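Take a look at the structure set out below.
Bear in mind the structure is a predicted one, so any value in this text is a computation, not a measurement.
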Amino acid sequence: MTNSSMVNRRRWSDDRIAATKMLFCQIRDLLSPIQLRETLMAVLGEKVARIAVTDRCALLLVPLLRESEIAVAVSEFRCVHRPDIGKGGWSNTPGAIVTDDSNQGDLFLYIAGPDTDMVSVMDAESRGDSEVFGEVLGVPSCCRTAYSEYSELMREVQNDPVPQTAWRTTSPPPHPSWNNIAAQYFGYSLLSFAPCSLDCIAAQEHSKLSYDRLVSIDAEFAARFYSRHDSNIIYSEYEGIHRFVGDSNFDGEFLHYTSVDSTTKSKLRTELNFGDTLRFLDTSRFEIYAGSRLVSSWGGQEDTSVALFFCR
């Protein structure tokens, strides 16, 4: 590559970043942080994105994207999402699929990338082809393979792939923050898929790329994402998701903590708030202590579905 070509490429990149910063200011109040991250990554040419939006949001967002010469397609159907139990409104299981002239449900927007890629995404989704759908959306092959292996088991509960990321991790905690997909329940995630494990290198690269791109747009916005990833989090299928905030120190066996942020009120939340120390047994079992007194034990039971994300 000649020096002239490198300068032109750099100028194009700087121009794209500048244009994306302007677009970010226009749309940041229309979307959630995770939807914003997805949209920005698509606008920057890193992926094809799919986000679910209301009619009002679509009416405001689509013209802004098209004015910025960003390719965008709108689904010909709507989805009425069914929130999971205990996950702060997060939905992993689509409810009814209704026609686009219905006044119920959300539309899907498919953003950026060649039009043929967006058509592939929409076609794969309509066929229920998770392998092709994941490939076009940029999910690493190892994570797609893992998803296909546990998809039937996942559907037996609330269709949530997140705990599998912890259960498939063989190395001891704490784990790299980049793959902490449990952060999504607290409004921020650098990933749009569940990594095959907390040690997955391919997923880490996706997460780091998202962070770097967000830093180039708004460093403070990017920092909010990483602060959620850099957390110790307890996932439970029906007892809420719980993130330790403030001072918390994990020594490889015991986590000493002062405060917990939870997605719902539950027995587990009450016991965590009563305690001040958590003993890590494995990625699906732990004990809660108040001082030296055992408060309760969790995990190892089919109806509990506990997964631990200790990431620093």
Item to check | Set of salt bridge (charged side-chain N to carboxylate O under 4.0 Å, His left out) partners for Asp84, sequence neighbours left out | outcome: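 Checked Asp84 against salt bridge (charged side-chain N to carboxylate O under 4.0 Å, His left out); matches are Lys87.
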Item to check | Residue list, salt bridge (charged side-chain N to carboxylate O under 4.0 Å, His left out) with Glu46, at least two apart or on another chain | outcome: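 With neighbours one apart ignored, the set is Arg213.
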Checklist entry - How about Phe309 and Ile181: do any of their side-chain heavy atoms sit closer than 4.5 Å? => result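 They are in contact (side-chain heavy atoms under 4.5 Å apart), so the answer is yes.
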Checklist entry - Considering only heavy atoms from C-beta outward, does the side chain of Leu268 approach that of Ile288 to under 4.5 Å? => result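 SC-SC contact between Leu268 and Ile288 confirmed.
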Test item: [X] side-chain N/O and [Y] main-chain N/O as donor-acceptor pair under 3.5 Å:
{"X": "Asp106", "Y": "Cys79", "answer": "no"}
{"X": "Asn180", "Y": "Ser231", "answer": "yes"}
{"X": "Gln35", "Y": "Ile51", "answer": "no"}
{"X": "Arg37", "Y": "Ser189", "answer": "yes"}
{"X": "Gln158", "Y": "Asn92", "answer": "no"}
{"X": "Ser210", "Y": "His206", "answer": "yes"}
{"X": "Ser207", "Y": "Gln204", "answer": "no"}
{"X": "Thr165", "Y": "Pro195", "answer": "yes"}
{"X": "Ser75", "Y": "Phe108", "answer": "yes"}

Next on the checklist: Between His229 and Tyr211, does the ring pair (Phe, Tyr, Trp, His ring centres under 6.0 Å) criterion hold? Intermediate values first, please.
Outcome noted: CA-CA 11 Å; His229 274 249; Tyr211 178 74; 9.2 Å; no
Got a second to check how far [X]'s [atom1] is from [Y]'s [atom2], nearest 0.5 Å?
{"X": "Arg168", "Y": "Thr283", "atom1": "CZ", "atom2": "OG1", "answer": "12.0 Å"}
{"X": "Lys47", "Y": "Thr39", "atom1": "NZ", "atom2": "OG1", "answer": "9.5 Å"}
{"X": "Leu214", "Y": "Leu36", "atom1": "CG", "atom2": "CG", "answer": "9.0 Å"}
{"X": "Glu38", "Y": "Leu109", "atom1": "CD", "atom2": "CG", "answer": "12.0 Å"}
{"X": "Glu253", "Y": "Leu281", "atom1": "CD", "atom2": "CG", "answer": "8.0 Å"}
{"X": "Lys208", "Y": "Trp178", "atom1": "NZ", "atom2": "CH2", "answer": "6.5 Å"}

Consider only side-chain heavy atoms of I, L, V, M, F, W and Y, link residues closer than 4.5 Å, and tell whether [X] and [Y] are in one cluster.
{"X": "Ile234", "Y": "Val245", "answer": "no"}
{"X": "Ile27", "Y": "Val74", "answer": "yes"}
{"X": "Tyr289", "Y": "Val295", "answer": "no"}
{"X": "Met41", "Y": "Val48", "answer": "no"}
{"X": "Tyr185", "Y": "Ile34", "answer": "yes"}

Checklist entry - Does Asp55 pair with Arg78 as a salt bridge, N-O distance under 4.0 Å? => result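 Judged by the 4.0 Å cut-off on N to carboxylate O distance, Asp55 and Arg78 do form a salt bridge.
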Just wondering, more than 12 heavy atoms not from [X] lying within 6.0 Å of its [atom1]?
{"X": "Asp247", "atom1": "CG", "result": "no"}
{"X": "Lys267", "atom1": "NZ", "result": "no"}
{"X": "Glu220", "atom1": "CD", "result": "yes"}
{"X": "Phe254", "atom1": "CZ", "result": "yes"}

Item to check | Polar contact flag, side-chain donor to acceptor under 3.5 angstrom, Arg269-Ser236 | outcome: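 The criterion, which ignores hydrogens and geometry beyond distance, is not satisfied for Ser236 and Arg269.
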Give the minimum heavy-atom separation between [X] and [Y], together with the two atoms involved.
{"X": "Gly252", "Y": "Phe280", "answer": "O-CD2, 4.5 Å"}
{"X": "Asn179", "Y": "Ser197", "answer": "ND2-O, 3.5 Å"}
{"X": "Leu198", "Y": "Cys311", "answer": "CD2-SG, 4.2 Å"}
{"X": "Cys143", "Y": "Cys196", "answer": "SG-N, 3.3 Å"}
{"X": "Thr264", "Y": "Gly86", "answer": "CG2-O, 3.6 Å"}
{"X": "Trp167", "Y": "Ala307", "answer": "NE1-CB, 3.6 Å"}

Can you say whether the rings of [X] and [Y] are parallel (under 30°), tilted (30 to 60°) or perpendicular (over 60°)?
{"X": "Tyr147", "Y": "Tyr150", "answer": "perpendicular"}
{"X": "Phe244", "Y": "Tyr257", "answer": "tilted"}
{"X": "Phe221", "Y": "Phe24", "answer": "tilted"}
{"X": "Phe286", "Y": "Trp298", "answer": "parallel"}

Item to check | Leu23 and its side-chain contact (heavy atoms from CB on, under 4.5 Å) partner, picked from Val43, Ile217, Leu40 | outcome: Val43
Next on the checklist: I'd like to know whether Arg312 forms a side-chain hydrogen bond (donor to acceptor under 3.5 Å, both in side chains) with Ser248, so could you lay out the CA-CA distance, the side-chain angles of the two residues, the decisive distance to 0.1 Å, and finally the verdict.
Outcome noted: CA-CA 11 Å; Arg312 287 293 180 189; Ser248 64; 3.1 Å; yes
I'd like to check the side-chain hydrogen bond (donor to acceptor under 3.5 Å, both in side chains) partners of [X]; sequence neighbours left out, ordered by chain and number.
{"X": "Tyr226", "answer": "none"}
{"X": "Thr263", "answer": "none"}
{"X": "His242", "answer": "Ser262"}

Next on the checklist: Working note: Gln164 + Glu149, criterion side-chain contact (heavy atoms from CB on, under 4.5 Å); need CA distance, chi angles, decisive distance, verdict.
Outcome noted: CA-CA 10 Å; Gln164 293 287 342; Glu149 291 174 354; over 6 Å; no
Checklist entry - Is there a side-chain contact (heavy atoms from CB on, under 4.5 Å) between Asn232 and Leu308 once you walk through the steps? => result CA-CA 8 Å; Asn232 298 310; Leu308 297 178; over 6 Å; no
Next on the checklist: Determine whether Leu272 and Leu278 satisfy the following criterion, side-chain contact (heavy atoms from CB on, under 4.5 Å), listing intermediate values before the conclusion.
Outcome noted: CA-CA 8 Å; Leu272 286 169; Leu278 184 144; 4.2 Å; yes
Atom pairs and distances, donor-acceptor, side-chain atoms in residues 56-71, under 3.5 Å, two or more places apart:
from, atom 1, to, atom 2, distance (Å)
Arg66, NH2, Val72, O, 3.1
Ser68, OG, Leu64, O, 3.2

